[in-house]
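What follows is a single structure, written as structure tokens, with notes after it.
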Amino acid sequence: LMPISDHIKRTLLDTLVSNINEMVIGFDGTPSTSSDGAAGRPAITVNPTVRVVDDSTILVEGFIPATESFDDTLKEVYVQFRGTGTAFTPVARHTISPLSKTTKNEIRIQLLIEVK
């Protein structure tokens with residue numbers, strides 16, 4: 001197998017950056033797989049900032065303000081592209097260490113996604 005060219009890899013990164021527009025943070029702590037198609041038990045959806053870090057990595061960053069509070073711990077982060085209506089395209093799902101979110105804290109979640 002031959003690796004893809006650096007030029008097309010950069011085009012893929014730029015396409016991901018311009019299309020990722022939702023980060024869903026949820027309560028489901030089941031292991032993540034490459035075939036995950038949605039967040040298990042969504043808690044909140046935020047509009048992330050997305051940028052290219054280097055030639056194979058993007059950074060997706062979401063923020064939950066102090067005004068939000070949940071009774072259960074947050075255990076998953078799901079990144080997607082949502083088009084018009086209800087259509088969405090899954091990008092990645094990650095299981096995270098449980099986070100308690102109250103009105104006494106803010107949470108900033110940063111995900112590095114490597115494109116090989």
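Keep in mind it's a predicted model, so treat the numbers as computed, not measured.
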Practice task
Check the pair K9 / H7 against side chain to side chain contact (heavy atoms under 4.5 Å, CB included), numbers first and verdict last.
Solution key: CA-CA 5 Å; K9 192 184 302 184; H7 175 75; over 6 Å; no

message: Hydrophobic cluster membership, with links at side-chain heavy-atom distances under 4.5 Å among I/L/V/M/F/W/Y: are I20 and L12 in one?
response: yes

Output for pair (K75 NZ, D28 CG), nearest 0.5 Å, gives 8.0 Å

*Under the side chain to side chain contact (heavy atoms under 4.5 Å, CB included) rule, what do I113 and V60 come out as? Steps first, then yes or no, please.*
CA-CA 8 Å; I113 298 177; V60 183; 4.0 Å; yes

Rounding to 0.5 Å, atoms CZ (R41) and OG1 (T30) come to a distance of 9.5 Å

(Q) Taking R10 first and then D14, would you say they form a salt bridge - that is, a charged N and a carboxylate O separated by under 4.0 Å? (A) yes

Do I96 and Y78 belong together in a cluster built from hydrophobic side chains that touch within less than 4.5 Å? no

Subject >> Side-chain touch P90/Q80, heavy atoms, less than 4.5 angstrom >> reply: no

task = Mark yes when over 12 heavy atoms from residues, nucleotides or ligands other than D54 sit less than 6.0 Å from its CG; otherwise mark no.
result = yes

Residues V46 and G62: closest non-hydrogen pair is CG2-CA, 4.1 Å

Worksheet item: Is any side-chain heavy atom of V77 less than 4.5 Å from a side-chain heavy atom of V24?
Response: no

Between A43 and F27, the two heavy atoms sitting closest are CB-CZ, 3.3 Å

Under the criterion side chain to side chain contact (heavy atoms under 4.5 Å, CB included), I'd like the reasoning laid out for T103 against T67: C-alpha separation, chi angles, the key distance, then a yes or no. CA-CA 5 Å; T103 54; T67 55; over 6 Å; no

#### Entry: Sidechain-backbone polar pair: S32 side chain, R93 backbone, donor-acceptor under 3.5 Å
yes

| message | Checking T102 against S69: is there a side-chain donor and acceptor pair closer than 3.5 Å? | response | no

**Asked** Is K101 paired with E68 through a side-chain N to carboxylate O contact shorter than 4.0 Å?
**Response** no

| Can you check side chain to side chain contact (heavy atoms under 4.5 Å, CB included) on F63 and E106, steps first, answer last? | CA-CA 8 Å; F63 179 73; E106 298 175 333; 3.6 Å; yes

**OP:** Check for a donor-acceptor pair, side chain of E61 on one end and backbone N or O of I109 on the other, with a separation under 3.5 Å.
**Re:** no

Rounded to the nearest 0.5 Å, the CD1 atom of I58 sits from the CG atom of L16 at a distance of 5.0 Å

Between F81 and V79, is there shared hydrophobic-cluster membership here, with clusters defined by ILVMFWY side-chain heavy atoms closer than 4.5 Å? no

Is V115 reachable from V17 through a run of hydrophobic residues whose side-chain heavy atoms are each under 4.5 Å from the next? yes

Report task. State, with a plain yes or no, whether a side-chain heavy atom of I64 is found less than 4.5 Å away from one of I44. Result -> yes

| ILVMFWY network linking V91 to L13, side-chain heavy atoms under 4.5 angstrom | yes

Rounding to 0.5 Å, atoms CG (D72) and CG (L99) come to a distance of 11.5 Å

Residue pairs passing the ring-ring contact (aromatic ring centres under 6.0 Å, His included) test with at least one member in residues 86-116, sequence neighbours excluded, are none

So CE of M23 and CD of Q110: to nearest 0.5 Å the spacing works out to 9.0 Å

Cluster membership besides L112, Ile/Leu/Val/Met/Phe/Trp/Tyr side chains within less than 4.5 angstrom, sorted by chain and number, is V53, L59

